**Q** 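Please read through the structure below; I'll follow up with questions.
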Amino acid sequence: MISKILIANRGEIALRIVRSARELGIKTVAVYSEADRQALHVLLADERVCIGPAKASESYLNIANILSAVDITRADAIHPGYGFLAENAKFAEICQAHGLIFIGPPPSIIRLMGDKNKARQTMKKAGLPILPGSDTVIEDLAIAKKIAAKIGFPVIIKAAAGGGGKGMRICRSSSQLEDQFPIAQGEAKAAFNDPSLYIEKYVSGARHIEIQIVGDRKGKVIAFGERECSVQRKYQKLIEETPSPFIDEKTRRKMMKEVEDAASKVGYQSLGTFEFLVDENRKFYFMEANARVQVEHPITEMVYGINLIKAQIRIASGEKFGFPFELVMRGHAIECRINAEDPATFVPSPGKIDFLVLPGGEGIRVDSAAYGGWVVPPDYDSLVAKIIAYAPNRDLAIRKMRAALEMTTIVGIKTNIPLHLDILSNTDFLAGRYNTQFMDGHMAAKAAEETL
Ligand code: MV4
């Protein structure tokens with residue numbers, strides 16, 4: 001049983017965890033950096049401990065300081081949220097060695113999923129389809145060229161220690177591969193202290209679709225219906241929706257079943273997300289798995305009427321776990337990520353929020369730690385709110401989202417709300433005709449329109 005959770009995170013996800021813990025009758029400890037003294041998660045948690053200066057490496061990533069905060073407050077569990085230490089296997093191990101419950105997958109699972117090449121090979125063995133590519137990590141260009149020749153161009157180079165698009169390189173010819181391979185190696189070494197790369201066949205015009213899972217401590221894994229995440233820019237998701245307008249019931253069932261089988265085979269526990277690329281023929285290929293709660297988890301919660309954070313906490317506490325009702329997907333949910341940034345240039349726009357009116361009403365959910373008078377610090381990601389619209393069908397959910405965004409007022413900082421409104425009235429988006437290239441096309445069309 002857990003009686004007090006220390007939340008090793010900040011912002012909306014920290015507040016999200018405070019709320020769920022409180023519902024479960026569990027106390028919370030907020031940790032915060034000097035830049036977050038006035039943050040809402042700090043104000044609303046039961047206790048608070050400052051863990052260092054603004055710089056994340058000295059606060060939210062500072063394991064020694066976080067464990068000191070555990071000792072001071074006698075917390076018995078840690079929730080890492082997303083980002084920061086969430087997928088650090090070493091940290092999960094240290095927590096366990098310290099007698100703490102780490103609210104997430106076991107360290108071995110985090111480590112496996114952190115090695116993207118190993119995860120790919122393991123999931124292939126566990127029965128998931130993957131794209132043609134290298135079986136092992138590739139150390140030198142000659143081998144990379146040989147594999148590329150075998151699978152055919154275009155290919156994509158990925159960092160084994162990467163994920164989320166970091167350090168990826170698309171190569172359309174052997175000479176591009178020659179140029180890009182050493183650059184990618186250098187980048188991977190610099191970013192992850194690991195130059196290991198692997199190669200996959202590159203699929204253009206595909207969709208980025210993911211399956212949420214919950215695994216209990218007895219080896220039972222439940223998969224949920226897909227989240228469509230193809231509206232991204234520079235691998236930063238902007239809008240997510242469920243169900244995907246592209247996935248039919250047969251494909252959905254197949255994906256869910258195959259993920260459940262593969263995840264239980266590897267002993268997956270806690271929350272996780274399996275990312276897939278889905279081509280025009282609705283053939284799906286496993287890409288990577290994320291061993292954490294994701295930013296976009298609320299859309300799944302809305303269509304299933306569940307609370308994934310509560311499920312995650314209850315599983316971690318060793319409770320016999322099950323949902324008290326049949327899991328059925330109902331209606332449609334969309335999430336817009338509201339960032340403090342210039343909607344045209346994407347340059348971050350931190351600073352004081354002079355006045356704030358967030359939307360509400362039936363079917364609207366706002367996950368945010370922002371308030372009027374709060375200063376968005378420049379030190380972290382620029383997510384200030386997630387607005388989630390839930391309605392009986394896609395058209396109604398889109399209308400509801402547009403109405404909600406039009407009634408949102410954020411004065412003092414720039415936000416990407418105008419960009420969201422643009423996308424939500426785009427003909428292709430409205431028809432559900434979009435893939436991972438959508439934002440490139442959308443931005444190009446906007447630029448052309450402005451020069452007319
Ligand atoms: C790919 C791909 C196409 N082919 N892999 C991006 C995030 C990371 N998890 C994997 N990603 C991709 N991997 C192969 N073999 C396309 C993406 C991708 C993407 C690529 C270009 C522009 C936008 C994109 C958005 C989502 C996924």
Side-chain angles (χ1 to χ4, degrees), residues 82-83 86-87 113-121 123-124 128-135 137-138 144 147-148 150-173 176-177 180-181 184 187-188 191-192 196-212 226-241 244 246-247 259 272-292 294-296 335 337 346 423 428-429 433-444:
Y82 53 67
E87 287 166 287
M113 300 313 178
D115 182 335
K116 304 295 164 184
N117 181 62
K118 205 171 197 180
R120 188 168 173 268
Q121 299 309 323
M123 288 309 155
K124 181 187 176 185
L128 290 181
I130 61 169
L131 286 160
S134 54
D135 297 333
V137 293
I138 307 168
I147 292 160
K150 200 175 87 189
I151 64 178
F153 288 96
V155 299
I156 184 163
I157 313 173
K158 297 183 178 183
K166 266 176 260 149
M168 294 184 3
R169 281 287 194 293
I170 300 160
C171 304
R172 298 182 188 281
S173 66
Q176 271 186 357
L177 182 59
Q180 297 298 321
F181 193 83
E187 272 185 14
F192 315 112
S196 310
L197 303 176
Y198 65 101
I199 287 184
E200 277 179 355
K201 177 89 186 169
Y202 177 72
V203 187
S204 68
R207 284 158 207 255
H208 192 233
I209 284 175
E210 60 189 30
I211 298 283
Q212 172 76 54
E226 79 286 349
R227 294 191 289 254
E228 163 72 72
C229 305
S230 297
V231 181
Q232 334 189 341
R233 190 190 152 269
K234 299 243 166 101
Y235 310 120
Q236 291 295 315
K237 293 167 189 161
L238 270 170
I239 299 180
E240 305 94 353
E241 62 177 313
S244 165
F246 182 66
I247 299 294
V259 169
T273 300
F274 281 53
E275 283 186 8
F276 291 87
L277 220 50
V278 183
D279 72 14
E280 284 101 332
N281 306 315
R282 294 193 179 80
K283 283 192 70 162
F284 54 88
Y285 304 94
F286 170 80
M287 286 201 297
E288 57 184 82
N290 303 311
R292 61 161 191 275
Q294 285 190 279
V295 175
E296 60 271 27
E335 172 180 275
R337 296 190 187 190
F346 303 97
I423 298 169
D428 289 326
F429 181 83
R433 274 193 309 265
Y434 67 90
N435 56 35
T436 53
Q437 262 79 58
F438 174 75
M439 278 309 288
D440 308 332
H442 179 72
M443 299 315 290

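All ligand and atom numbering here is 1-based and tracks the order in the structure. This structure is a prediction, so every number in the text was calculated from the model and none was measured.
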**Q** Do the charged groups of Glu240 and Arg227 touch, with an N to O distance under 4.0 Å?
**A** no
**Q** Are any protein N/O atoms closer than 3.5 Å to the N/O atoms of ligand 1? If there are, list each pair with names and the distance to one decimal place.
**A**
residue, atom, partner, partner atom, Å
ligand 1, 4 (N), Val203, N, 3.0
ligand 1, 5 (N), Lys158, NZ, 2.9
ligand 1, 5 (N), Glu200, OE1, 3.4
ligand 1, 9 (N), Glu275, OE1, 2.9
ligand 1, 9 (N), Glu288, OE1, 3.1
ligand 1, 13 (N), Lys158, NZ, 3.1
ligand 1, 15 (N), Glu200, OE1, 2.8
ligand 1, 15 (N), Lys201, O, 2.7

**Q** Step by step, would you call Glu210 with Thr273 a side chain to side chain donor-acceptor pair (under 3.5 Å)?
**A** CA-CA 6 Å; Glu210 60 189 30; Thr273 300; 5.0 Å; no
**Q** Kindly indicate whether the side chain of Arg172, heavy atoms from C-beta on, has any atom under 4.5 Å from the side chain of Phe153.
**A** no
**Q** Is a side-chain donor or acceptor of Lys201 paired with a backbone partner of Gly152 at a separation under 3.5 angstrom?
**A** yes
**Q** Please collect all salt bridge (charged side-chain N to carboxylate O under 4.0 Å, His left out) contacts where either partner lies in residues 272-285, sequence neighbours excluded, each pair once.
**A** Asp248-Arg282
**Q** Taking the six-membered ring of Phe346, is NZ or CZ of Arg233 closer than 6.0 Å to its centre and within 45° of its axis?
**A** yes
